[in-house]
Amino acid sequence: MIMPVHEFGIIDNIENVKRNIGYEPQKYNCISVDDEIIIHLNEHLSIMRTYFHSLERPEFGLAYWGITIIPHESLSMFYDVITSSTIYKISAELNQLASKIIKAKEENKYMIHFGI
């Protein structure tokens, strides 16, 4: 049985983001994180400022079934939630995600999340 995953990537140029983004994880060089891990973190991410499907829809947390745009100003909180997770030290996926967040922060970029 294949476990559902969430995919996270970095948006190279937020100015080029279309109104509605399609499912294009390869375009954003996404990494996959198992759904069970995201379920574990979701409550803590529910106060993180994000956008659902386009920059015209401000929201909070991750669009579980859809596309989330995570603005640069939310990346510190995102990183803190990931690295303070009880499973962070043993999860290769969360370590990869933390590295991706750091890269986005350093490059002053937004991230993208594709839900299951």
Side-chain angles (χ1 to χ4, degrees):
M1 186 170 113
I2 297 173
M3 294 300 299
V5 295
H6 295 255
E7 299 181 88
F8 295 88
I10 296 173
I11 300 173
D12 279 327
N13 185 350
I14 197 66
E15 307 304 318
N16 290 343
V17 171
K18 301 182 294 285
R19 252 192 195 159
N20 285 304
I21 299 168
Y23 178 74
E24 302 174 287
Q26 64 289 345
K27 177 179 178 180
Y28 301 102
N29 194 21
C30 287
I31 58 158
S32 296
V33 178
D34 192 84
D35 182 46
E36 291 203 7
I37 294 172
I38 297 303
I39 289 170
H40 175 75
L41 300 171
N42 227 4
E43 186 180 333
H44 301 290
L45 294 172
S46 66
I47 59 170
M48 178 175 71
R49 288 187 177 279
T50 58
Y51 298 90
F52 286 6
H53 308 286
S54 81
L55 293 174
E56 296 170 357
R57 292 192 49 205
E59 284 287 345
F60 291 91
L62 297 177
Y64 190 79
W65 304 103
I67 298 169
T68 314
I69 299 168
I70 306 166
H72 180 261
E73 55 271 16
S74 294
L75 295 179
S76 291
M77 179 190 184
F78 190 25
Y79 180 82
D80 290 346
V81 169
I82 299 306
T83 57
S84 64
S85 164
T86 56
I87 60 171
Y88 174 70
K89 286 185 170 58
I90 58 168
S91 170
E93 293 167 86
L94 287 185
N95 277 274
Q96 267 191 308
L97 181 54
S99 295
K100 181 105 24 202
I101 296 168
I102 289 170
K103 185 176 192 299
K105 280 180 62 166
E106 287 173 348
E107 296 176 1
N108 203 26
K109 296 191 174 161
Y110 283 39
M111 289 188 71
I112 190 163
H113 158 257
F114 296 100
I116 61 172

Just wondering, do [Y] and [X] contact through their side chains at under 4.5 Å, heavy atoms?
X: Val33; Y: Leu41; result: no
X: Lys100; Y: Met111; result: yes
X: Phe52; Y: Ile67; result: no
X: His40; Y: Thr86; result: yes
X: Ser76; Y: Lys105; result: yes

Considering all heavy atoms of both residues, which atom of [X] and which atom of [Y] are nearest to each other, and what is their separation?
X: Ile10; Y: Ala104; value: CD1-N, 3.7 Å
X: Thr50; Y: Gly61; value: OG1-O, 2.6 Å
X: Gly115; Y: His6; value: CA-ND1, 3.6 Å
X: Gly9; Y: Cys30; value: N-SG, 3.6 Å

For the atom pair [atom1] ([X]) and [atom2] ([Y]), what is the distance rounded to the nearest 0.5 Å?
X: Asp12; Y: Lys109; atom1: CG; atom2: NZ; value: 4.5 Å
X: Lys27; Y: Ile11; atom1: NZ; atom2: CD1; value: 9.0 Å
X: Ile38; Y: Leu62; atom1: CD1; atom2: CG; value: 6.5 Å
X: Leu97; Y: Ser91; atom1: CG; atom2: OG; value: 9.0 Å
X: Ile101; Y: Met77; atom1: CD1; atom2: CE; value: 11.5 Å
X: Tyr51; Y: Ser74; atom1: OH; atom2: OG; value: 8.0 Å

Who are the side-chain contact (heavy atoms from CB on, under 4.5 Å) partners of [X], not counting sequence neighbours?
X: Ser32; result: Val5, Glu7
X: His44; result: Val81
X: Glu106; result: Ile102

Legend entry - Inter- and intrachain pairs under salt bridge (Lys or Arg N to Asp or Glu O under 4.0 Å), touching residues 28-47, at least two apart: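 For residues 28-47: none.
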- Item | Parallel, tilted or perpendicular: ring planes of Tyr28 versus Phe114, cut at 30 and 60 degrees |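 Geometry flag for Phe114 against Tyr28: tilted rings.
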Suppose the criterion is ring-ring contact (aromatic ring centres under 6.0 Å, His included): which pairs have a residue in residues 66-107, not counting sequence neighbours?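 Of all non-adjacent pairs touching residues 66-107, those that pass ring-ring contact (aromatic ring centres under 6.0 Å, His included) are Phe8-Phe78.
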* Asked: Around Ile87, counting heavy atoms of other residues, nucleotides and ligands shown, do more than 12 lie under 6.0 Å from its CD1?
  ->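 Yes, the 6.0 Å shell around CD1 holds more than 12 heavy atoms from other groups.
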Query - Set of side chain to side chain donor-acceptor pair (under 3.5 Å) partners for Thr83, sequence neighbours left out - result: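 None.
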Could you pull out all residues at least two apart from Lys103 that satisfy salt bridge (charged side-chain N to carboxylate O under 4.0 Å, His left out)?
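Lys103 satisfies salt bridge (charged side-chain N to carboxylate O under 4.0 Å, His left out) with Glu107 once adjacent residues are dropped.
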| message | Going by the rule ring pair (Phe, Tyr, Trp, His ring centres under 6.0 Å), which residues pair with Phe60 if we only count those two or more places apart in sequence or in a different chain? | response |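 Here no residue qualifies.
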Is Leu75 linked to Tyr110 within one hydrophobic cluster, defined over Ile, Leu, Val, Met, Phe, Trp and Tyr using a side-chain heavy-atom separation of less than 4.5 Å?
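They do not share one cluster, since no chain of ILVMFWY contacts under 4.5 Å joins Leu75 to Tyr110.
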If you link I, L, V, M, F, W and Y whenever their side-chain heavy atoms are under 4.5 Å apart, who else ends up in the same group as Ile116?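 Joined to Ile116, directly or through intermediates: Ile39, Tyr64, Trp65.
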